[in-house]
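Here is the structure we will look at.
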Amino acid sequence: MTPLEHLYALALLPRAASLGPMLRALAALERLPTRELEHAQRARADELLEHARRTTGFYADAPARFEDLPPLSRATVQARASALASRAVPPEHRAVREAHSSGSTGTPVTVPVGAVADAILGALSMRDHGWHRRDLRAKAASIRASPDLRADAKWSLHPQGGPLVSLGMNATVREQLAWLEREAPAYLVTYASNAAALVEEAAEQGVALPSLRELGTFGETLPLELRETARRVWSVPVVDAYSSAEVGFIALECPEHAHYHVQAENVLVEVVRDDGTACETGETGRVLVTPLHSFPMPLLRYELGDFATVGGPCPTGLGLPVIERIVGRSRNMLTLPNGERSWPRFGSNLLGKLAPIRQFRMVQRGPEAMTLELVSERLTPELEARVRALVLELLGYPFELTFEYRTELPRSPGGKFEDFVALPRQP
């Protein structure tokens, strides 16, 4: 039995008995050479593919070799869910819950989560807590679209785990800060853009949050300056996580470096170029994921729409593959008229330092057409001109830029916010 197979066997035990042994198994697995982990992952992926070919309509005629499979899109998962579902799920992989994506790309997805996958995700959560030396008896706070409002909610699987208090994203940033002052949590987790807004508001209002030890982020691309700002305003580190509802944990931040370790026990991650070949260290490409325990609904080479940069070996000695940076999503890419593409970076409130702008979003509506949506009082012509000049300088092209004033900017149903969106081009 390989170390990975041993972990899967432990996942079949009752959670009270399995968690400790699973954490010890994970501690051993993360120190294996990367090649050995990858070999074990491929064996599991091949097993999953064979199961999919035998028990699903969608994969009945699929290639027998994993590497010959075409990427699986979100739209396909949404449209072909019944064909993707297995007709003969192994008992140990029986579905125990459903996972629902936020639909931030306009294509919400629902997938069943099996018992093995659920147990491993719980253990990976505890691995993350251990990596970052969190005090599991302390209080944690969560601000997200669908908060856990149970009075007895806990934020970890620790038997004496501390309480979790939750707040919904319908609260304003100022209301969120007031709530955090009252609750005084040791840990806070929220969307990256909301975290940035909270830190900026705290700096303006002089809100210190002395109880806070760590700011956790998820769900969105981490603003580059947020780590420094959180240190300056709250004296806390930012710890990011890369996950999706359909897959669970994809990569968690290294305990010692600001890069991410793929959770290889849960998911096989490929970062590929436009031609489908694998990216090398330092290259940025499309992310394809294969959740290794998705036997109720196999998702093979599933394309999330994300782009990431491949990292090199970690100085810590952890063998888990490294993602240097989660860059963004294809819909968040700027396309210049000559076809060149990039991810624009504005900083969390760069425009707010130039003019009284509370929030903004850039929308590319055509090859040379851009709209700047502002939550702000109407700017004077002079301020509009200054904002226009700065935006066009940052975009690197003299787009036709129009201003639209809003009372608020919408988040996705899952609570996510995007400060740059490229609308689909019309045929």
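Because the structure is predicted, anything quoted here is derived from the model rather than measured. Throughout, numbering of the chain's residues begins at 1 and tracks the sequence.
Atom CD of Glu47 sits in a crowded spot, with more than 12 heavy atoms from other residues, nucleotides or ligands closer than 6.0 Å. Within 6.0 Å of CD on Glu283 lie more than 12 heavy atoms contributed by other residues, nucleotides or ligands.
Glu220 and Ser193 are linked by a side-chain donor-acceptor pair at a separation below 3.5 angstrom, with hydrogens and angles left out of the test. Defined by atom type and a distance below 3.5 Å, a donor-acceptor pair is present between the side-chain atoms of Arg273 and Thr277. Side chains of Arg365 and Thr371: a donor on one and an acceptor on the other come within 3.5 Å. Inspection of the Tyr397 and Asn338 side chains reveals no N or O donor paired with an N or O acceptor under 3.5 Å. Under 3.5 Å, the side chains of Ser86 and Thr56 contain no donor-acceptor pair of N or O atoms.
Partners of His6 according to the side-chain contact (heavy atoms from CB on, under 4.5 Å) rule, which considers only residues two or more places apart in sequence or in another chain, are Met1, Leu10, Ala25. The ring pair (Phe, Tyr, Trp, His ring centres under 6.0 Å) test applied to Phe58 returns no partner, not counting sequence neighbours. In this view, Glu228 satisfies the side chain to side chain donor-acceptor pair (under 3.5 Å) rule with no residue, not counting sequence neighbours. Checked against salt bridge (Lys or Arg N to Asp or Glu O under 4.0 Å), Asp68 has the following partners two or more places apart in sequence or in another chain: Arg65. Under the rule for a salt bridge (Lys or Arg N to Asp or Glu O under 4.0 Å), the partners of Glu38 that lie at least two apart in sequence or sit in another chain are Arg35. In this structure, the side chain to side chain donor-acceptor pair (under 3.5 Å) partners of Arg227, at least two apart in sequence or on a different chain, are Glu253. Under the salt bridge (Lys or Arg N to Asp or Glu O under 4.0 Å) criterion, Arg134 pairs with Asp128, Glu214, sequence neighbours left out. Listed by chain and number, the residues in a side-chain contact (heavy atoms from CB on, under 4.5 Å) with Ala45 are Phe66, Leu268, Leu292 (sequence neighbours excluded). For Pro90, the side-chain contact (heavy atoms from CB on, under 4.5 Å) test picks out His51, Glu92, His93, Phe295, with sequence neighbours left out. Here Glu175 pairs with Thr172 under the side chain to side chain donor-acceptor pair (under 3.5 Å) rule; sequence neighbours left out. Under the rule for a salt bridge (Lys or Arg N to Asp or Glu O under 4.0 Å), Glu280 has no partner lying at least two apart in sequence or in another chain. For Lys154, there are no side chain to side chain donor-acceptor pair (under 3.5 Å) partners two or more places apart in sequence or in a different chain.
Contact record, Leu29 with Pro3: CD2-CB, 3.5 Å, taken as the closest heavy-atom pair. Nearest approach of Leu300 to Ala52, heavy atoms of both residues: CD1-CB, 4.2 Å. Closest of all the heavy-atom pairs between Ala64 and Arg53 is N-NH1, 3.7 Å. For the pair Ala192 and Leu222, the tightest heavy-atom approach, listed with the atom from each and the gap, is CB-CA, 4.2 Å. What you find for Leu304 and Tyr242 is that their closest heavy atoms are CD1-OH, 3.7 Å. Contact detail for Ala119 and Met22: the closest heavy-atom pair is O-CE, 3.6 Å.
At distances below 3.5 Å, not a single donor-acceptor pair connects side-chain atoms of Thr309 with backbone N or O atoms of Thr284. Listed for the Lys139 side chain is no donor-acceptor partner under 3.5 Å among the backbone atoms of Val165. For the pair Glu373 (side chain) and Arg406 (backbone), a donor-acceptor distance under 3.5 Å is absent. In this structure, Ser376 contributes its side chain and Pro356 its backbone to a donor-acceptor pair below 3.5 Å. Remark: the backbone N or O of Pro147 is not paired with any side-chain donor or acceptor of Ser166 at under 3.5 angstrom. Checking side-chain atoms of Tyr302 against main-chain N and O of Val247 turns up no donor-acceptor pair under 3.5 Å. Judged by distance alone, with hydrogens and angles left aside, the side-chain atoms of Gln176 form a donor-acceptor pair with the main-chain N or O of Ala171 at under 3.5 Å. Listed for the Arg74 side chain is no donor-acceptor partner under 3.5 Å among the backbone atoms of Glu303. Within the 3.5 Å criterion, the main-chain N or O of Val89 finds no donor-acceptor partner in the side chain of Arg94.
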Go through Val236 and Leu188 one step at a time and tell me if the side-chain contact (heavy atoms from CB on, under 4.5 Å) criterion holds.
-> CA-CA 11 Å; Val236 298; Leu188 168 63; over 6 Å; no
Could you walk me through whether Arg388 and Leu372 pass the side-chain contact (heavy atoms from CB on, under 4.5 Å) check?
-> CA-CA 9 Å; Arg388 182 187 305 275; Leu372 179 59; over 6 Å; no
Just do the salt bridge (charged side-chain N to carboxylate O under 4.0 Å, His left out) check on Arg174 and Glu204 with the steps written out, would you?
-> CA-CA 11 Å; Arg174 187 164 295 185; Glu204 292 180 11; 5.6 Å; no
Checking side-chain contact (heavy atoms from CB on, under 4.5 Å) for the pair Glu246/Met297: CA distance, chi angles, key distance, verdict?
-> CA-CA 10 Å; Glu246 312 94 291; Met297 180 184 284; over 6 Å; no
Pair Leu379-Leu374, side-chain contact (heavy atoms from CB on, under 4.5 Å): steps then yes or no = CA-CA 10 Å; Leu379 303 181; Leu374 300 174; 4.1 Å; yes
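With rounding to the nearest 0.5 angstrom, the CZ atom of Arg44 is 10.5 Å from the CG atom of Asn266. Annotation: the span from Ile323 atom CD1 to His261 atom NE2 amounts to 11.0 Å, rounded to 0.5 Å. The structure places CG of Leu395 at 8.5 Å from CG of Leu336, a figure rounded to the nearest 0.5 Å.
Using a 30° and 60° split on the angle between ring planes, His129 and Trp155 fall in the perpendicular class, above 60°.
Looking only at side-chain heavy atoms (C-beta outward), His100 and Thr110 come within less than 4.5 Å of each other. Residues Met126 and Ser156 form a side-chain contact, since some pair of their non-hydrogen atoms from C-beta on lies under 4.5 Å apart. Ile357 has its side chain within reach of Val387: a pair of non-hydrogen atoms, C-beta onward, lies under 4.5 Å apart. Counting heavy atoms from C-beta on, the side chains of Arg301 and Thr290 come closer than 4.5 Å. You'll find the side chain of Leu12 reaches within 4.5 Å of the side chain of Val116, heavy atoms only. Between Leu318 and Arg31 the shortest side-chain heavy-atom distance falls below 4.5 Å. Contact check for Tyr8 versus His293: side-chain heavy atoms found under the 4.5 Å cut-off. When side chains are defined from C-beta on, Glu324 does not count as touching Thr281, because their heavy atoms never get closer than 4.5 Å.
Partner of Gln263 under the side-chain contact (heavy atoms from CB on, under 4.5 Å) criterion, out of Ile120, Ile250, Leu320: Leu320 alone.
For Arg127 and Phe249, the positive end is not near the middle of the six-membered ring at less than 6.0 Å and at most 45° from its axis.
Contact check on Glu225 versus Arg232 returns no salt bridge, with no Lys/Arg side-chain nitrogen under 4.0 Å from an Asp/Glu carboxylate oxygen.
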